[in-house]
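Every chain is numbered from 1, with letters handed out A, B, ... down the list of sequences.
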2 protein chains.
Amino acid sequence: MATDRTRTAILNAAERLYAERGFSDVTLRDIVAEANVNLAAVNYHFGSKDELIAELFVTRSIATNRERLSELKAVEDAGGGRAPIESVMRALVGPTLRGCLGPDRQRSTAARFMIRASIEAVPPIRKIRNREISHLRRFAAAMRRSLPGCPDVDIYWGLHFALAMAHQTIRDSERLDKLSEGLCDLNDVDGIINRVVTASVLALTQRPSAATARAQRA
Amino acid sequence: MATDRTRTAILNAAERLYAERGFSDVTLRDIVAEANVNLAAVNYHFGSKDELIAELFVTRSIATNRERLSELKAVEDAGGGRAPIESVMRALVGPTLRGCLGPDRQRSTAARFMIRASIEAVPPIRKIRNREISHLRRFAAAMRRSLPGCPDVDIYWGLHFALAMAHQTIRDSERLDKLSEGLCDLNDVDGIINRVVTASVLALTQRPSAATARAQRA
DNA sequence: TTGCATTTCAAACAGTTGTATGAAACTATC
DNA sequence: GATAGTTTCATACAACTGTTTGAAATGCAA
């Protein structure tokens with residue numbers, strides 16, 4: 001269908017601009033200029049600006065989740081249904097970090113768009129975001145399998161902290177770069193993933209009580 | 001001066017609204033309605049909307065930094081110039097977490113405003129934010145004193161991860177609450193601070209390199 | 001009180017936003 | 001090739017944004 005060319009041109013332009021500048025700074029006129037289509041095309045093909053954003057978010061959300069879950073499934077299958085906790089956490093934070101950091105040509109606008117969506121929480125997205133919760137629950141379940149006996153509350157905090165470190169690294173990479181005067185290499189994506197995974201696993205396996213006891217001994 | 005009443009009314013209303021709804025969703029008309037002053041008052045007293053935001057940010061930024069540094073100084077003085085790393089990290093994340101979480105009556109709009117400022121990064125703020133870097137360097141220096149021999153790159157990553165966990169907990173407390181179905185108690189501020197501090201210290205002291213060094217000694 | 005500076009106010013301004021309209025251009029079917 | 005349906009386009013619209021204006025009100029010293 002030749003008519004879909006306009007649709008996809010709008011979607012691509014919108015995703016690129018939103019990923020770069022955020023939702024509040026991008027107007028419909030910016031998008032249609034970038035896509036080389038007429039202003040009215042957005043309302044004709046998507047109904048409204050909000051519906052465009054929503055469609056973009058749903059599409060990319062499904063894709064991202066599929067990527068994470070396929071990586072999770074791979075490591076769990078390899079371990080006969082139970083993966084080491086390192087691998088589970090890597091499946092959780094790896095795809096997004098790889099998509100957002102590293103050399104330019106490897107970055108995906110999709111991943112950076114999703115980070116924007118998680119930051120700005122614009123109304124049309126906020127309504128749909130509840131799906132993510134059920135998606136994260138599947139990771140919580142996998143973590144429980146990897147760490148039998150670990151209290152649920154610690155599982156959730158560990159999951160939360162892992163995402164926190166990954167997202168903040170993407171979001172504020174500039175500050176970290178300035179603060180460390182380039183010492184923290186933000187192009188070394190594998191190194192970053194290792195740091196996030198290691199810190200997450202430590203927080204999960206060295207329970208607070210045990211950790212403080214050890215710290216007091218020292 | 002009786003004339004300052006309008007100024008402070010505007011500042012308070014703006015801070016409250018920005019903290020609640022974010023910058024992009026609050027207009028000058030919202031602010032003057034909340035402050036019960038005339039629309040032109042903002043431009044008369046502050047020059048422009050951006051200058052209002054900037055003044056707000058500078059004021060609150062100084063206050064927050066002072067609070068953190070006084071807590072840091074207290075623990076360092078108590079230890080003769082060198083505080084345990086737990087105390088340093090606690091001084092870093094404690095004030096903000098206490099100001100943003102916990103029961104309503106204890107929350108400060110100032111702390112929540114600062115979180116908004118760190119999230120949305122609106123132009124008038126982005127220009128000033130570089131000051132924060134030099135402020136964080138003083139914490140990096142304190143961490144170095146607490147952990148002699150710890151490589152600088154690990155200090156910076158530890159500092160970054162600590163702020164990441166604290167900020168994300170504030171920003172996305174709703175998701176964590178839903179995900180854990182209330183299991184993670186977001187009113188237990190001291191418990192949260194302990195978790196963040198513990199996880200940060202673990203990441204700093206049980207680094208992969210440190211672990212191998214310990215193993216090699218053994 | 002008089003006179004001057006400061007502060008408030010209603011109204012209007014120019015610019016931008018998302019959306020709607022109706023005619024034109026196109027596409028495919030008969 | 002005429003026709004019906006789809007898609008594009010320039011243009012207009014109403015709503016909202018931050019800012020400005022000039023007159024009215026207020027405060028305060030002489």
Side-chain angles (χ1 to χ4, degrees), chain A residues 1-58 113 116-117 120-128, chain B residues 1-58 113 116-117 120-128:
Chain A
M1 277 182 272
T3 175
D4 272 7
R5 205 163 34 186
T6 302
R7 261 186 73 95
T8 59
I10 292 173
L11 285 172
N12 288 337
E15 182 176 59
R16 208 172 331 149
L17 291 178
Y18 284 146
E20 272 175 26
R21 300 202 247 135
F23 294 104
S24 54
D25 281 354
V26 175
T27 73
L28 279 189
R29 284 167 177 82
D30 293 334
I31 295 173
V32 300
E34 179 89 359
N36 279 311
V37 301
N38 185 269
L39 173 60
V42 172
N43 289 278
Y44 177 78
H45 284 281
F46 297 92
S48 71
K49 186 192 186 187
D50 282 7
E51 291 175 86
L52 165 63
I53 294 180
E55 171 162 340
L56 214 38
F57 180 71
V58 169
F113 170 86
R116 282 287 181 191
E120 295 202 19
V122 77
I125 285 184
R126 204 175 308 169
K127 297 171 189 165
I128 324 173
Chain B
M1 277 184 268
T3 175
D4 273 6
R5 205 161 34 182
T6 303
R7 262 187 70 95
T8 59
I10 292 174
L11 285 172
N12 288 336
E15 182 176 58
R16 208 173 329 147
L17 290 178
Y18 284 147
E20 273 176 25
R21 301 204 244 132
F23 295 103
S24 53
D25 280 355
V26 176
T27 72
L28 278 188
R29 283 166 178 83
D30 293 335
I31 294 173
V32 299
E34 180 88 357
N36 278 313
V37 302
N38 186 269
L39 173 60
V42 172
N43 289 277
Y44 177 78
H45 284 281
F46 298 91
S48 70
K49 187 194 185 187
D50 282 7
E51 290 175 85
L52 165 63
I53 294 180
E55 172 163 340
L56 214 40
F57 180 72
V58 169
F113 170 85
R116 281 287 181 190
E120 295 203 18
V122 76
I125 286 185
R126 204 175 310 169
K127 296 171 189 164
I128 324 173

Next item on the list: Rounded to the nearest angstrom, tell me the gap between atom CD1 in B:Ile10 and atom P in C:dT7.
Entry: 12 Å
Check: Between D:dC9 atom P and A:Asn36 atom CG, what is the distance in whole Å?
Finding: 10 Å
Check: Can you tell me how far CD1 of A:Ile125 sits from CG of A:Leu56, rounded to the nearest 0.5 angstrom?
Finding: 8.0 Å
Notebook entry, point to check: Does C:dT8 have OP1 or OP2 sitting under 4.0 Å from an N or O in the side chain of B:Thr6?
Noted result: yes
Note to self: In whole Å, I'd like the distance from the CG atom of B:Asp25 to the P atom of C:dT17.
What the structure shows: 16 Å
Next item on the list: Please step through side-chain contact (heavy atoms from CB on, under 4.5 Å) for the pair B:His45 and B:Glu55, ending with a clear verdict.
Entry: CA-CA 11 Å; B:His45 284 281; B:Glu55 172 163 340; over 6 Å; no
Note to self: Just the rounded figure in Å: distance from P of C:dT7 to NE2 of B:His45.
What the structure shows: 6 Å
Next item on the list: State the CD1-CD distance between A:Ile31 and A:Glu15, to the nearest 0.5 angstrom.
Entry: 11.5 Å
Provide a list of protein-nucleic acid N or O atom pairs under 3.5 angstrom, restricted to nucleotides 16-23 of chain D.
| residue | atom | partner | partner atom | Å |
| --- | --- | --- | --- | --- |
| D:dG18 | OP1 | B:Lys49 | NZ | 2.7 |
| D:dG18 | OP2 | B:Leu28 | N | 3.0 |
| D:dG18 | N7 | B:Arg29 | NH1 | 2.9 |
| D:dG18 | O6 | B:Arg29 | NH2 | 2.9 |
| D:dT19 | OP2 | B:Asn43 | OD1 | 3.3 |
| D:dT19 | OP2 | B:Lys49 | N | 2.8 |
| D:dT19 | O5' | B:Asn43 | OD1 | 3.4 |

Check: Do any N or O atoms from the side chain of A:Asn43 and from the backbone of A:Ala40 form a donor-acceptor pair under 3.5 angstrom?
Finding: no
Notebook entry, point to check: What residues form a ring pair (Phe, Tyr, Trp, His ring centres under 6.0 Å) with A:Phe23, not counting sequence neighbours?
Noted result: A:Tyr18, A:Phe113
Checklist line | Residues forming a side chain to side chain donor-acceptor pair (under 3.5 Å) with A:Thr8, sequence neighbours excluded | finding: none
